[in-house]
Amino acid sequence: MNSSPLFRPTVDAGDLVAISGQIGLLDGRLVDGGAAEQTEQALANLLSVLDASGLTTFDVVKVNIYLTTMGDYTAFNERYNAVFGTEPPARTCVAVHELPFGALVELEAWARRR
């Protein structure tokens, strides 16, 4: 696997913004711990990308979530719900065989400029 792919954190598509997949990387390394800790960091990374684009969680309309095991679904949901609250965006969650850099969780999002 190419460890240094070309990477654009966002791509504008009219009033929509596609946000590239976020994993639990901090300073170029996966955070210590398991899916809960990686989820917290992936969400922090998403919030950072949103902020840099002048967006907030209220602008997010869709999130795609990838877990390497559905056994992490509850831990993921606890952290996700803390960020998105009572009116979260639409979402899809699937289990996948493997994620980049050995991550346990990845999420990507679509947001709308208002």
Side-chain angles (χ1 to χ4, degrees):
M1 177 189 304
N2 181 354
S3 63
S4 300
L6 294 175
F7 183 81
R8 290 173 64 185
T10 63
V11 174
D12 287 352
D15 65 342
L16 293 177
V17 179
I19 301 165
S20 294
Q22 302 296 312
I23 60 176
L25 289 179
L26 178 63
D27 298 327
R29 298 181 57 129
L30 282 175
V31 295
D32 290 334
E37 293 79 10
Q38 286 188 29
T39 297
E40 287 179 9
Q41 187 60 51
L43 287 164
N45 295 343
L46 174 64
L47 292 173
S48 178
V49 171
L50 288 169
D51 185 58
S53 298
L55 300 165
T56 72
T57 56
F58 296 107
D59 300 309
V60 177
V61 295
K62 176 75 163 88
V63 178
N64 294 322
I65 303 147
Y66 308 95
L67 305 173
T68 57
T69 174
M70 282 297 173
D72 293 331
Y73 188 72
T74 299
F76 173 86
N77 272 330
E78 289 172 0
R79 279 115 190 120
Y80 180 89
N81 292 339
V83 170
F84 285 103
T86 59
E87 293 189 41
R91 73 180 216 181
T92 300
C93 183
V94 297
V96 297
H97 174 71
E98 189 174 23
L99 291 168
F101 305 103
L104 302 173
V105 176
E106 182 171 6
L107 52 100
E108 64 184 20
W110 285 87
R112 180 174 56 105
R113 293 196 190 280
R114 298 175 193 259

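In the hydrophobic clustering of this structure, I23 does not group with L50; members are Ile, Leu, Val, Met, Phe, Trp, Tyr whose side-chain heavy atoms approach within less than 4.5 Å, directly or through other members. Cluster annotation: L67 and V31 are assigned to distinct hydrophobic clusters (Ile/Leu/Val/Met/Phe/Trp/Tyr, side-chain heavy-atom contacts under 4.5 Å, transitive). Note on L30: it does not cluster hydrophobically with F76, by side-chain heavy-atom contacts below 4.5 Å among ILVMFWY residues. Taking hydrophobic clusters as Ile, Leu, Val, Met, Phe, Trp and Tyr residues chained together by side-chain heavy-atom distances below 4.5 Å, V105 shares a cluster with M70. A chain of hydrophobic side-chain contacts below 4.5 Å, direct or via other Ile, Leu, Val, Met, Phe, Trp or Tyr residues, connects L47 to V63.
Of the possible donor and acceptor atoms, none in the side chain of E78 sits under 3.5 Å from a partner among the backbone N and O of A75. Between the side chain of N81 and the backbone N or O of N77, at least one donor-acceptor pair lies under 3.5 Å. The backbone N or O of L25 lies less than 3.5 Å from no partner atom in the side chain of R29, so there is not a single donor-acceptor pair. Under the 3.5 Å distance criterion, the side-chain polar atoms of E106 are left unmatched by any main-chain donor or acceptor of L104. Judged by distance alone, with hydrogens and angles left aside, the side-chain atoms of S53 form no donor-acceptor pair with the main-chain N or O of L55 at under 3.5 Å. Remark: side-chain polar atoms of T68 are not paired, donor with acceptor, to backbone N or O of E98 under 3.5 angstrom. Of the possible polar contacts, none joining the R79 side chain to the Q41 backbone as a donor-acceptor pair under 3.5 Å is found.
Contact of the L107 side chain with the L46 side chain is registered, since non-hydrogen atoms from C-beta on lie closer than 4.5 Å. Looking only at side-chain heavy atoms (C-beta outward), R112 and V61 come within less than 4.5 Å of each other. Counting only heavy atoms from C-beta outward, the side chains of S20 and T10 never approach each other to under 4.5 Å.
For Y66, there are no ring-ring contact (aromatic ring centres under 6.0 Å, His included) partners, not counting sequence neighbours.
In R114, the CZ atom is crowded: over 12 heavy atoms of neighbouring residues, nucleotides or ligands sit closer than 6.0 Å. The 12-atom threshold is exceeded at CG of D12, counting heavy atoms of other residues, nucleotides or ligands nearer than 6.0 Å.
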Task: side chain to side chain contact (heavy atoms under 4.5 Å, CB included) assessment of E37 paired with D32 - done: CA-CA 7 Å; E37 293 79 10; D32 290 334; over 6 Å; no

Open item on the list: Applying side chain to side chain contact (heavy atoms under 4.5 Å, CB included) to W110 and I19, what does each step give before you reach the verdict?
Closed with: CA-CA 6 Å; W110 285 87; I19 301 165; over 6 Å; no

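If you take CD on Q38 and CG on L43, they are separated by 12.0 Å, rounding to the nearest 0.5 Å. Here the straight-line distance linking atom CD1 of I65 with atom OH of Y73 works out to 7.0 Å at 0.5 Å rounding.
Relative to the ring axis of Y80, R91 places its NZ or CZ within 45° and under 6.0 Å from the centre.
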